[in-house]
Each structure stands twice: as C-alpha cells, then as structure tokens.
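Remarks on the structure that follows.
One-based numbering, in listed order, for ligands and for the atoms of each.
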Amino acid sequence: MKLLFATNNAHKLAEVQAVLGPEYELVTPRDCGVTEEIPETQPTLEGNALQKARYLRERTGLDCFADDTGLEVAALDGAPGVRSARYATDGHDFAANNRLLLANLRGAADRRARFRTVVALLRSGEEHLFEGIVEGRIIECERGCEGFGYDPLFVPDGFDRTFAEMSADEKNAVSHRARAVRRLADYLHGLEK
Ligand code: ITT
C-alpha cells in the first residue's frame, strides 16, 4: 500500500519505512511535486503534525500522514519542545541546537528528558492522532554519529548508549517515533480486518 508521508527529513523517512516494513511504500512530498517547505507554525506538536498533514492533503488531494517531534527536558520546563528544530537558530542546525542544550543544562543535576512524537493521519476525510514517548536523559557531551538531531545527547532509560551509538534497528525498538508509527500501523491493519 502506498502512503504519503509529509516529511523532508531523510532520516525520519528511513526510520518510518523500517518500522512499517515492505508492505507499505512511503511516498514523499517531493514525489508528488511539493518541493516547498511545509509550514509548521503551531504552538503544539499535535497542531504542527495536523498542519503538515492538512497542508499536504490540500496540495495533493491525497490521504497522508505527518509527524512532529519534540525533545522535552524536565529542568528546562519542557523546552525545547515544539521548538526543537529551531532551538538555537531559525534553521535545522543540529550542532548549534546541541551546543545550546548543553549550555542551558550546564551544572544541572536533573538531566531527565523525553522525546515525544505525534503522528497525524488524514484518511477518508477523518483525522487521527497517535503518540509515542521515550524517557531518558541528556548526557554531558555528544557521543556517536548515527541518527540525527539530539540523538548524540540522548540516552534512553535502560541503556547506557545514546541513540547516535545505536543501529537503526536498536533505535527503532524503543524510540518515540517508532512507538507512534507502530500505533499508526496497528490502526491501518485494523481497517483491513
Ligand atoms: P520534517 O518537519 O520535515 O518532518 P523536522 O526535522 O523538522 O522534519 P520535526 O519537526 O519532527 O522534524 O523535529 C523537530 C526537531 O526535533 C528535529 O529537527 C530534530 O532536531 C529533533 N528530532 C526529531 N526527531 C528526532 C530524533 O528521532 N532524534 C533526535 N532528534 C530528533
């Protein structure tokens, strides 16, 4: 089954394709001729996921889904949260975001954090939301070069390696995005029965 996924992030695309498996063929906005940046200007992850999916639905007329993810750090009152992509700059500067996060947590004893993903599915005129969360902590310097974004700083509970030190399969076994996408897949499978 073909599924249109409203992302321009190649890492995300690979992660989600691995979770959904070969039964689903993910199609990107670019594949449908949508090359501009999809707006995400809402104050919540839920709002942004819906905004991205609705935008793509309008541009293509196709059913689709989008996700939005935030890193929520306890000692920073949930920041960077919905501003995770644009924490340090207006762009997606992963290195600058990581530097700012470390600076803002310097000396902090409480380093608890979680990733939260919201997936919005637009299908047959209906909107559905699916959530995935992974709890963990922010370490004091970057480790590993797999993944993207805050992965080199995030150690999920029950592990001593960062997401950036894990293989794609290991990250997908526990990650926020994989959890949300498995809920999406369960929902889609339920429709087939
Ligand atoms: P699209 O909107 O095109 O899908 P994006 O990179 O903007 O891609 P999000 O808005 O969902 O993705 O994520 C916001 C930021 O959160 C992202 O730029 C990363 O810095 C961070 N992030 C998201 N998922 C992550 C993950 O699995 N591991 C590490 N950092 C992540």
Run the numbers for me: atoms of ligand 1, each under 4.0 Å from some heavy atom of [X], listed by number.
| X | result |
| --- | --- |
| F94 | 18 (O), 19 (C), 20 (O) |
| K171 | 26 (C), 27 (O), 28 (N) |
| A85 | 14 (C), 15 (C), 18 (O) |
| N8 | 3 (O) |
| D68 | 9 (P), 10 (O), 11 (O) |

Practice item. Around atom 28 (N) of ligand 1, find the nearest protein heavy atom and jot down its residue, atom name and distance. Key: D151 OD1, 2.6 Å
**Study point:** Pairing of E131 and R116 as salt bridge, 4.0 angstrom limit
**Key:** yes
May I ask whether [X] has any heavy atom positioned less than 4.0 angstrom from an atom of ligand 1?
| X | answer |
| --- | --- |
| F163 | no |
| E37 | no |
| F115 | yes |
| H11 | no |

Exercise for review: Could you tell me whether H92 and ligand 1 have an N or O pair separated by under 3.5 Å?
Suggested key: yes
Point to revise | ligand 1 N/O within reach of E15 N/O, cut-off under 3.5 Å | key: no
**Study point:** Residue from K52, R54, R83 passing salt bridge (Lys or Arg N to Asp or Glu O under 4.0 Å) with E40
**Key:** K52
Check your understanding: Within a radius of less than 6.0 Å around CD of E37, do more than 12 heavy atoms belonging to other residues, nucleotides or ligands occur?
Key -> no
Review point. For atom 24 (N) of ligand 1, which candidate among H176, R177, R83 provides the closest heavy atom?
Key: R177
